Amino acid sequence: MSGDERRTQLAPVVAAAQRVAGIVAARGRGDAEGARELLLSFDDDRELAGGALLVAELSLGLLRRETGESLDACVRDLCVEMETALR
């Protein structure tokens, strides 16, 4: 696969990931309407899932790099945070 083909194939996933990141940012600043608008901009659940997966992978990679912990340790910490949010 050439570089151009790869970029063409990844461009929609990156665009979806950027919108997912926008949703996270909007929620973080309390902009529920902005988050809702971005959420409604996805054509289907698959597009949203692909973007969300890319954001999660990149975010965990950044966390791993900053903390020096393994990816497994970062995922474990994330799971603990999610469990704690349910209490």
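The first residue in the sequence is number 1, and the count goes up from there. Note that the structure is a prediction, hence the values are computed from the model and not measured.
In this structure a side-chain-to-backbone donor-acceptor pair under 3.5 Å is missing from Ser59 to Ala56. With hydrogens and angles ignored, the 3.5 Å screen pairs no side-chain donor or acceptor of Glu5 with any backbone N or O of Met1.
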Distance-only check: which donor-acceptor pairs under 3.5 Å involve side-chain atoms of residues 70-85, not counting sequence neighbours?
from, atom 1, to, atom 2, distance (Å)
Ser70, OG, Ala73, N, 3.0
Thr84, OG1, Val80, O, 2.8

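Of all the heavy atoms in Ala26 and Gly34, the pair that sits closest is CB-C, 4.2 Å.
Remark: Asp44 engages no residue in a side-chain hydrogen bond (donor to acceptor under 3.5 Å, both in side chains) (not counting sequence neighbours).
Taking hydrophobic clusters as Ile, Leu, Val, Met, Phe, Trp and Tyr residues chained together by side-chain heavy-atom distances below 4.5 Å, Leu54 does not share a cluster with Leu60. By the rule that hydrophobic residues join a cluster once side-chain heavy atoms approach within less than 4.5 Å of another member, Leu38 and Phe42 end up as members of one cluster.
Note that CG of Leu58 is 9.5 Å distant from CG of Leu53, once rounded to the nearest 0.5 Å. The distance from atom CD of Gln9 to atom OG of Ser2, rounded to the nearest 0.5 Å, is 10.0 Å. Considering CZ of Arg27 and CG of Leu39, their distance stands at 9.0 Å, rounded to 0.5 Å. Note that the CG atom of Leu62 and the CZ atom of Arg64 stand 10.0 Å from one another [nearest 0.5 Å].
Within the 4.5 Å cutoff, the side chain of Glu57 has no heavy atoms near those of the Val55 side chain.
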